[in-house]
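Shown next, in structure tokens, is the structure this report addresses.
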Amino acid sequence: MKTNLLYIFADQWRYHAMGCVGQDQACTPNMDRFAQESLCFEHAYSTFPLCTPHRGSLMTGRYPFSIGLWTNCKVGLEEKLMLKPQETCIGNVLEAGGYQTAYIGKWHLDAAEQNFTAHPASGAKDWDAYTPPGERRQGFAHWLSYGACDEHLDPHYWADGPEQIRPGKWSAAYETDKALEYLESRQKEEAPFALFLSYNPPHLPYELVPGCYLERFKDLEICWRPNVPEEMRTPRMETIARQYLAAVYGIDQQFGRILTYLKEKGMEEDTLVVLSADHGEMLGSHGRMSKNIWYEESIHIPLLMRQKGRILPGKSDAIFASPDHMPTLLELLDLPVPDTCQGVSHRAAALGGQEQGPDHMFLCSYPGMPESVSAFARQGLAHKAHGWRGIKTRTYTYVIDNGYMPEEGQAEYLYDDLADPWQMEPMQVERDCQDPRVAEARQWLKAYLAMLEDPFLWEKERRRI
């Protein structure tokens, strides 16, 4: 019998926000129990810590720039970004392999409808989009989703028509309801299923969390990470931190419902369950909020895999990048990996074998705000040649930052993540630096840029493209 796949990922949920990690003040009893039964990839990172780029890599096994997803699918850009139907996605391969495929929750891989019409029939606003049945669903047959909307307490969805479904319920709870309904509907089917469940919380707005979860954290005294500066440790930030932890707790409770169902139905041995996220959340570290920066809080994501009787519980030190998810999952399901995939399969590590994967990975970000893109255009510069690129290993983070605006200069950094785990004392790298870590990182980065035909400006001196 073929193995089922249940892939669950939350938006803006950092690795540290699990109780079992022992860093954030997270209360996640179900995730902690799941971690004890799973293989935890401790070095899983978001290649491009932003929603659309990571999701595009997850679905295609390719790097964001290779599939044209250099920022979020959004309004306000001349280029109308979307995951192109011509890409070979994991849903397509699963469907061709005999799987009943399903997608529930946030998608954020289709072009915003308001790029094309101010009043779409679906009622989609801002960055949101209804994805109709057909090739833009990338092989997912059962569909209950939306593009990008953060109304967690009053969410909306589309199924197979443009009419909005408004359940009037916290999004994660409703999506879990529908996921359980889908799993129940599969009980009498012989074909295996592959369900992707995408929770939007703990993504901001931070305050949109049910009171029953907020209550648990209302009096919590926040223990700040050492890299949160004093000016960020305000009463308002304490409230946001409690709200974030409450949302994570709520996700944990919903995840627990799914674990209970799988156990009661005897599905723990024939279902590969994956728990992950698309990127992290800074939550005040280095004076920042949100994501899209190279720091640990932004790029480090949870990644746990469980299939009882097949995947042994424990920890893996494999370097796991965003494009690696698709080839790893397909090989674990004994399905062919398309030649289009650029990622590395970690099947051997997942099954307890010797890991042959690389000991480093590529990191990247491109200027994506409309005002930033316009600023480069006014000066005749290619905005995609800017932003930052980097290399992540088990022991250090290396970054070259060209900035998000034309007037910003270039800086080169090396963070010793073992000696300085809070990344508070980076080495400012000079061009003639002789540090062997810098030398190898520069070579690796040049190789990635060449492979991806990335126009990133390497030289410190600006040049027009």
Checklist entry - For the residue pair H142 and Y182, is the inter-centroid distance of their aromatic rings smaller than 6.0 Å? => result yes
Item to check | Spacing of S276 atom OG and H54 atom NE2 [to the nearest 0.5 Å] | outcome: 5.5 Å
Checklist entry - For R137 and T101, what are the C-alpha separation, side-chain angles and deciding distance, and is it a side-chain contact (heavy atoms from CB on, under 4.5 Å)? => result CA-CA 11 Å; R137 292 189 179 180; T101 56; over 6 Å; no
Checklist entry - Rounded to the nearest 0.5 Å, how far apart are SG of C212 and CD of Q253? => result 8.5 Å
Checklist entry - Would K106 and D11 pass as an ion pair if we require N to O under 4.0 Å? => result yes
Item to check | Pairwise side-chain contact, F217 with I222, heavy-atom cut-off 4.5 Å (strictly under) | outcome: no
Next on the checklist: Quick check against the 3.5 Å criterion: does T393 have a side-chain atom that pairs as donor or acceptor with the backbone of T395?
Outcome noted: yes
Checklist entry - Does N227 reach the main-chain N or O of H286 with its side chain, forming a donor-acceptor pair under 3.5 Å? => result no
Next on the checklist: Looking at D252, is its backbone amide N or carbonyl O close enough to the side chain of N30 to form a donor-acceptor pair, meaning the two atoms are under 3.5 Å apart?
Outcome noted: yes
Item to check | Ion pair E331/R347, N-O distance below 4.0 Å | outcome: no
Next on the checklist: For K291, is there an ion pair with E281 - N to carboxylate O distance below 4.0 angstrom?
Outcome noted: no
Item to check | Derivation and outcome, side-chain contact (heavy atoms from CB on, under 4.5 Å), residues D417 and K392 | outcome: CA-CA 10 Å; D417 296 330; K392 184 77 182 76; 3.1 Å; yes
Next on the checklist: Between N200 and S171, does the side-chain hydrogen bond (donor to acceptor under 3.5 Å, both in side chains) criterion hold? Intermediate values first, please.
Outcome noted: CA-CA 7 Å; N200 200 357; S171 60; over 6 Å; no
Checklist outcome for this item: Taken to the nearest 0.5 Å, the spacing of L208 CG from D154 CG works out to 10.0 Å
Checklist entry - Does any non-hydrogen side-chain atom of L262 lie less than 4.5 Å from one of L6? => result yes
Next on the checklist: Walk me through whether R233 and E230 qualify under side-chain contact (heavy atoms from CB on, under 4.5 Å).
Outcome noted: CA-CA 5 Å; R233 303 183 185 193; E230 287 296 328; 3.7 Å; yes
Item to check | Name of the residue among W70, F48, Y366 meeting ring pair (Phe, Tyr, Trp, His ring centres under 6.0 Å) with F65 | outcome: Y366
Checklist entry - Is a donor on one side and an acceptor on the other found under 3.5 Å between the side chain of S46 and the backbone of D278? => result yes
Checklist entry - Does a side chain donor of either Q36 or R33 reach within less than 3.5 Å of an acceptor in the other side chain? => result no
Checklist entry - Does a side chain donor of either Y398 or E412 reach within less than 3.5 Å of an acceptor in the other side chain? => result yes
Next on the checklist: Suppose we call two aromatic rings close when their centres sit under 6.0 Å apart. Are F34 and F255 close by that rule?
Outcome noted: yes
Checklist entry - Side chain of D454, backbone of F456: donor and acceptor closer than 3.5 Å? => result yes
Checklist entry - Hey, is E268 close enough to R306 for a salt bridge, meaning N to O under 4.0 Å? => result yes
Checklist entry - With a 4.5 Å limit on heavy-atom distance, are the side chains of Q164 and Y130 in contact? => result no
Next on the checklist: So W13 and L275, do their side chains get closer than 4.5 Å, heavy atoms only?
Outcome noted: yes
Checklist entry - Parallel under 30°, tilted from 30 to 60°, perpendicular over 60°: which one fits the rings of Y413 and Y415? => result tilted
Checklist entry - Any salt bridge between E296 and R14, counting N to O under 4.0 Å? => result no
Checklist entry - For the atom pair CG (L304) and CG (L39), what is the distance rounded to the nearest 0.5 Å? => result 8.0 Å
Item to check | Separation of K178 NZ from Y157 OH (nearest 0.5 Å) | outcome: 10.5 Å
Checklist entry - Do S66 and Q342 have side-chain atoms, one donor and one acceptor, less than 3.5 Å apart? => result yes
Checklist entry - Do the rings of Y7 and F196 sit parallel, tilted or perpendicular, given the 30° and 60° boundaries? => result parallel
Next on the checklist: Are the side chains of D317 and E42 in contact, using a 4.5 Å heavy-atom criterion?
Outcome noted: no
Checklist entry - What orientation do F376 and H383 show, parallel under 30°, tilted 30 to 60°, or perpendicular over 60°? => result tilted
Checklist entry - side-chain hydrogen bond (donor to acceptor under 3.5 Å, both in side chains) between D32 and T28: does it pass, once the steps are laid out? => result CA-CA 6 Å; D32 296 350; T28 54; 2.9 Å; yes
Checklist entry - Any donor-acceptor pair under 3.5 Å linking the side chain of S372 with the backbone of Y404? => result yes
Checklist entry - Would a distance-only check, ignoring hydrogens and angles, find a side-chain to backbone donor-acceptor pair under 3.5 Å from S298 to W294? => result no
Checklist outcome for this item: So CG of L452 and CZ of R62: to nearest 0.5 Å the spacing works out to 9.0 Å
Checklist entry - Does the pair D126/K74 count as a salt bridge with the N-to-O cut at 4.0 Å? => result no
Next on the checklist: Taking the ring centre of each residue, are Y174 and W170 less than 6.0 Å apart?
Outcome noted: no
Checklist entry - With a 4.5 Å heavy-atom cut-off, do I258 and L180 have their side chains touching? => result yes
Checklist entry - Just wondering, do M289 and Y206 contact through their side chains at under 4.5 Å, heavy atoms? => result yes
Checklist entry - K125 and E151: salt bridge (charged side-chain N to carboxylate O under 4.0 Å, His left out), yes or no, with the steps? => result CA-CA 12 Å; K125 298 178 181 178; E151 298 174 357; over 6 Å; no
Checklist entry - Near Q428 CD, under 6.0 Å, is it more than 12 heavy atoms from other residues, nucleotides or ligands? => result yes
Item to check | CA sep, side-chain torsions, deciding dist, call: L332, Q307, side-chain contact (heavy atoms from CB on, under 4.5 Å) | outcome: CA-CA 10 Å; L332 285 171; Q307 185 180 359; over 6 Å; no
Checklist entry - Above 12 or not: heavy atoms from other molecules or residues under 6.0 Å from CZ of R288? => result no
Checklist entry - Mind checking whether H156 and W158 have ring centres under 6.0 Å apart? => result yes
Checklist entry - Checking side-chain hydrogen bond (donor to acceptor under 3.5 Å, both in side chains) for the pair S316/E355: CA distance, chi angles, key distance, verdict? => result CA-CA 9 Å; S316 170; E355 172 66 40; 5.3 Å; no
Item to check | Salt bridge present between K169 and D177 (N-O < 4.0 angstrom) | outcome: yes
Next on the checklist: Are more than 12 heavy atoms, taken from residues, nucleotides or ligands other than E221, located less than 6.0 Å from that residue's CD atom?
Outcome noted: no
Next on the checklist: Looking at D324 and V344, would you say the former's side chain and the latter's main chain have a donor-acceptor pair under 3.5 Å?
Outcome noted: yes
Item to check | Residues Y448, W444; criterion ring pair (Phe, Tyr, Trp, His ring centres under 6.0 Å); working and verdict | outcome: CA-CA 6 Å; Y448 278 115; W444 288 334; 8.6 Å; no
Checklist entry - Does a donor on one side chain and an acceptor on the other come within less than 3.5 Å for S322 and Y45? => result no
Next on the checklist: Quick one, S374 and E371 - any side-chain contact, counting heavy atoms below 4.5 Å?
Outcome noted: no
Checklist entry - Counting N and O atoms only, with roles assigned by atom type, does the side chain of H108 sit under 3.5 Å from a partner on the main chain of C73, one being a donor and the other an acceptor? => result yes
Next on the checklist: Checking ring pair (Phe, Tyr, Trp, His ring centres under 6.0 Å) between F320 and each of H43, H325, H300, H360, which is the one that passes?
Outcome noted: H325
Checklist entry - Under 3.5 Å, is there a donor-acceptor pair between the side chain of Y261 and the main chain of E184? => result yes
